[in-house]
Protein chains: 2
Amino acid sequence: MSLMGQMMNMPLMISSLLKHAARHNGDVEIVSKRVEGDIHRTTWGEVELRSRKLAQALQRLGCKPGDRIGTLAWNGYRHLELYYGTSGAEFVCHTINPRLFPQQIAWIVNDAQDSVLCVDLNLLPLVEKLIEHVPSVKAVIAMVGREHMPAQSGIPNLLCYEDLLAAEDGNYDWPVFDENTAASICYTSGTTGNPKGAVYSHRSTILHTYASAIPEAINLGATGVLMPVVPMFHVNAWGTPYSAALIGCKLVLPGHHLDGESLYNLMEQEKVTISAGVPTIWLGLLNHVKSKDLKFSTFKTTVIGGSACPPAMIRTFENDYNVEVIHAWGMTELSPIGTLSRLKSKHLELPIESRQKILEKQGKAIYGIDMRIVDHDGQELPWDGKASGDLEVRGHWVINSYFNVDVSPLHDGWFPTGDVATIDPDGYMQITDRSKDVIKSGGEWISSIDLENVAMGHPAVHEAAAIAAFHPKWDERPLLVVVKRPGAEVTRDELLAFYDGKIPKWQVPDDVVFVDEIPHTATGKIYKLKLRETFASHKLPTA
Amino acid sequence: MSLMGQMMNMPLMISSLLKHAARHNGDVEIVSKRVEGDIHRTTWGEVELRSRKLAQALQRLGCKPGDRIGTLAWNGYRHLELYYGTSGAEFVCHTINPRLFPQQIAWIVNDAQDSVLCVDLNLLPLVEKLIEHVPSVKAVIAMVGREHMPAQSGIPNLLCYEDLLAAEDGNYDWPVFDENTAASICYTSGTTGNPKGAVYSHRSTILHTYASAIPEAINLGATGVLMPVVPMFHVNAWGTPYSAALIGCKLVLPGHHLDGESLYNLMEQEKVTISAGVPTIWLGLLNHVKSKDLKFSTFKTTVIGGSACPPAMIRTFENDYNVEVIHAWGMTELSPIGTLSRLKSKHLELPIESRQKILEKQGKAIYGIDMRIVDHDGQELPWDGKASGDLEVRGHWVINSYFNVDVSPLHDGWFPTGDVATIDPDGYMQITDRSKDVIKSGGEWISSIDLENVAMGHPAVHEAAAIAAFHPKWDERPLLVVVKRPGAEVTRDELLAFYDGKIPKWQVPDDVVFVDEIPHTATGKIYKLKLRETFASHKLPTA
């Protein structure tokens, strides 16, 4: 018979992160660029007090444990208070992507059965369009002070966030309950089929927070200044609102202006040292910095994920701006962090080109996540850096099932990610494609990401997407869709010649089309499904 | 009704740390200075395989889940395999301090009811002395290869570690079980009363491992080289055998020669970047380095705990050797880490003297630990840096009860540490004394640590201890016991004059006695109880 440990058994509670931050780093700043237009400054101590008042206010509105509180908001301190004020009080924080279409948002709100919606000022018009279609919503709270409340609104009985808080005394003790209780819900982007809700627990969130803060992961220190550019409605901003509290670092929340100039100015002004976001955002920032011949004074590290980071971007950040890139991979279903790319001791003496080659991969699983690649029969494939298979994961912060979906998404106890990847003998995983984006040319697979990475290395290319186009003999052949850099010129043949020696000849795209814009999903990824529809009848010159 | 999360619910298992290390950092080295005399090299991959064989061997010996496996061993790879091979297989790793007296060890083995003892070569004579008195022990394993097995031994049927492993195939899957199961036991040093066993669980160990690795704590990175000098029989070497696996860094295990010269040579040879140990050990290292006019080539950080680190040592490490000191505080009952001292952003611009003043404190609680100070009525005291009270803690890796002890050690849900401390408004805790070592002079308290720290700042003082001596008027007055640095001279009056302006006049010791050696406990702390006995009849000149 086994022996039991004799340790205090305290549940892992999200509220304890905020209490810890307030107690040990109560005077550390949270700086927000507000929708209202100004820069707002508060502290962890103040956010903790206001989160308690928020919990009281939601209770006064009749919210009960388990109630879903929807948010339609950018990165800002009130959104941070909502993270803690909801989950800490046993409600569930449901962050909603405001870049979705109103009917998608309504679908999600109905699926989650949100009882309250909390909305940033400039997103109220969006809510006006859908409020009639979301009967579960009993109250809408405008995340503003009284002075910014709209004079009139199509939303009946619109409540004012600051009024609600002002009515409370903050005399509230964070409750302690089962650590497996739901803390937050985030929906997948649903580019295929309906969006699906991942329901994170307090336990999974705390474990993810610990794991993401360690030196092998984001390496977040208390003397750093963190600006999450990844939205707080996108998988909890990769957990940064939690890890920042654990560490007690200064947090800079950039609001809704995510263009290169706005980001650069905020980073310089607030002495940001570390940031996190998708490649598209960094394209904008780098273009701004390049075009104005600027330098970063304090920016040292950026975590890039959401979609594969083009190698050219890693090199630009590191070689031209001395900013370390941490290439990461994750998913909504993984809370989201799965892997990050960091060098090992034995790599430190390698030439820079070899080191960057390693950092181009999505990296090693952080402790708490297991990964494997399997073939089409579900058989595990070797970690040899060559075998490419379906990536599957399991771990403490991986979903077991989707909200309101009876069918288990798991395969043999593992979550199939939908990504295709290789893993090398050192444990570095590299995504070669989304399984639905892979280009199947006569039975052989061509990685659309490989093709895009080469194109993105061409100085005239701003953005590139490789998709499968119909071919009568090979079934599918690659078509490259390109947005040129402003003022730059390059021809179809020059671009195709650029592939020479970089990839096997048979993988070179059959054609190139130039477009003004490549469509993106609401989470900033290239919208391949849309592109494939657009070019469904494209006739390849090789066909 | 609350909503439950929908995440995979996998138990937190210690075996997963080792599996992670083997899978992602399988070729990273574990270097051990063996009792047999040589340097031994293995890897995380090899240690994982051998730990599986060890689990098989223990099962073959008839060990069952819950069985306690005692270890009497120094820091080395076989001890590391025992950590994982026992707890991973649902046995309980019971590390025993070989520096205790044989009768104390026998008492502890009987209390834990160890079924197997695993013993380093040079500790077998110790076991010979006590084996007749520990009837629960069914097997003793000598941690050596066949070639080093003693020709004859007073231990009946002594088994050979390497023979046992060689008989197994390693075809073993680490079992998965309740995360609250006991993983290891460590006894307090028992300087007052009998030693008491702290029973760590898999859950508490994993949470401690995550928390101790983050940048705000030990900040352990994969490119670092860690040498725990703190023994693996002393609160799991402060968790480093676990955190090193989580991170996958190179581990250097120094065996039983912990003198300054041995440590220095090993650190240089193996390019150690970070270490951890008690002040006494570092005194020896610094004396060696100073006397030979040496420098450290790679050593960058040292974690110092176990007892209060004298400020002079922090300054010597930082100013003379450019080694960052992380002053830490913990206890056997805390797995052990409670607090560490690291600067905040706002401190970075302070003059060096002010920064070092902050780092002299034991620091801030790491996330997962709550602390408070209370007065004699149990009332919480303010965090003002002045109020001094009994330090109490609670958290995920704090004991709830002692092994085989029915009486709860807790006070109102908190664990009373027996330390007296202040906490400042920034959350930095400073131990002023052990409550039993405080000197009570006419109703006022004098911190023995303060008096020692001043004395340790005198260039002629090697070590100093302040204890209470009997005084007919004041009940107790401070007596300073001093070991002079070899070749250095200082008189009683010179030392007392050295206190001028450094502490209030009424706290200056009433007398100084010079001794050749100050007694230490088996865990390297100054043995104050013994000193008080020695000087029980010391007549103060002021009496």
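Just so we're on the same page: letters track the sequence lines, and every chain starts at 1. These numbers come from a predicted model, not from an experiment. Basis for what follows: all heavy atoms, side chains included, without hydrogens, waters or symmetry-related copies.
For chain B, the nearby parts of A:S401 are the backbone and the side chain; heavy atoms of each come within less than 4.5 Å. In this structure, the portion of A:L220 lying under 4.5 Å from any heavy atom of chain B is its backbone and not its side chain. In this structure, the portion of A:M13 lying under 4.5 Å from any heavy atom of chain B is its backbone and not its side chain. For B:S204, the part lying under 4.5 angstrom from a heavy atom of chain A is the side chain only. For chain B, the nearby parts of A:L17 are the backbone and the side chain; heavy atoms of each come within less than 4.5 Å. In this structure, the portions of A:K344 lying under 4.5 Å from any heavy atom of chain B include both its backbone and its side chain. Neither the backbone nor the side chain of A:D67 has a heavy atom closer than 4.5 Å to any heavy atom of chain B. Proximity to chain A (any heavy atom under 4.5 Å) is restricted, for B:H20, to the side chain, taken from C-beta onward. Contact annotation for A:V405: neither backbone nor side-chain heavy atoms come within less than 4.5 Å of a heavy atom of chain B. With a 4.5 Å cut-off on non-hydrogen atoms, A:K346 touches chain B through its side chain but not through its backbone.
Look at A:R23 and B:D426 and you find no salt bridge, because none of the NZ, NE, NH1 or NH2 atoms lies under 4.0 Å from a carboxylate O. Using a 4.0 Å cut-off between a side-chain N of Lys or Arg and a carboxylate O of Asp or Glu, A:E216 and A:K364 qualify as a salt bridge.
In terms of heavy-atom pairs under 4.5 angstrom with chain B, the leader among A:Y402, A:Y200, A:Y367 is A:Y367. With chain B as the partner, the residue from A:A183, A:A365, A:G221, A:G368 showing the most heavy-atom pairs under 4.5 Å is A:A365. When A:V398, A:V28, A:I423 are compared by the number of non-hydrogen pairs under 4.5 Å with chain B, A:V398 comes out ahead. The candidate from B:G427, B:A217, B:S16, B:A213 with the greatest count of non-hydrogen atom pairs under 4.5 Å with chain A is B:S16. When the candidates A:F91, A:F415, A:W383 are compared by the number of heavy-atom contacts under 4.5 Å with chain B, A:W383 comes out ahead. Counting heavy-atom pairs closer than 4.5 Å to chain A, the top-ranked of the candidates B:T209, B:V225, B:I399 is B:I399. Highest contact tally toward chain A, considering only B:L348, B:N9, B:V92, is held by B:N9 [criterion: heavy-atom pairs under 4.5 Å]. Among A:L207, A:L343, A:I369, the residue with the largest count of heavy-atom pairs under 4.5 Å with chain B is A:L207. Most heavy-atom pairs under 4.5 Å with chain B: of the set A:G395, A:P215, A:G66, A:P425, this distinction falls to A:P215.
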A:D370 and A:R394: salt bridge (Lys or Arg N to Asp or Glu O under 4.0 Å), yes or no, with the steps? CA-CA 5 Å; A:D370 286 341; A:R394 65 179 179 195; 3.2 Å; yes

Could you check A:I218 against A:I326 for side chain to side chain contact (heavy atoms under 4.5 Å, CB included), going step by step and ending with a plain yes or no? CA-CA 8 Å; A:I218 294 181; A:I326 309 298; over 6 Å; no

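For the pairing with A:H202, the ring pair (Phe, Tyr, Trp, His ring centres under 6.0 Å) check across A:W174, A:F177, A:Y242 returns one residue only, A:F177.
Among all heavy-atom pairs drawn from B:S335 and B:V235, the shortest one is C-CG1, 3.8 Å. For B:A222 against B:I247, the heavy-atom pair with the smallest separation is N-CG2, 3.3 Å. Residue A:V252 comes nearest to A:E270 through the heavy atom pair CG2-CB, 3.8 Å, listed as atom of the first residue, atom of the second, then distance. Between A:D178 and B:M4, the shortest heavy-atom distance links the atoms OD2-CE, 3.5 Å. Residues A:P11 and B:R203 come closest through the heavy atom pair CA-NH2, 4.1 Å.
In this structure, A:K361 forms no cation-pi arrangement with A:Y428, as its terminal cationic atom is not both closer than 6.0 Å to the ring centre and no more than 45° off the ring axis.
Below 30°, between 30° and 60°, or above 60°: for B:Y210 and A:Y210 the angle between ring planes is below 30°, a parallel geometry.
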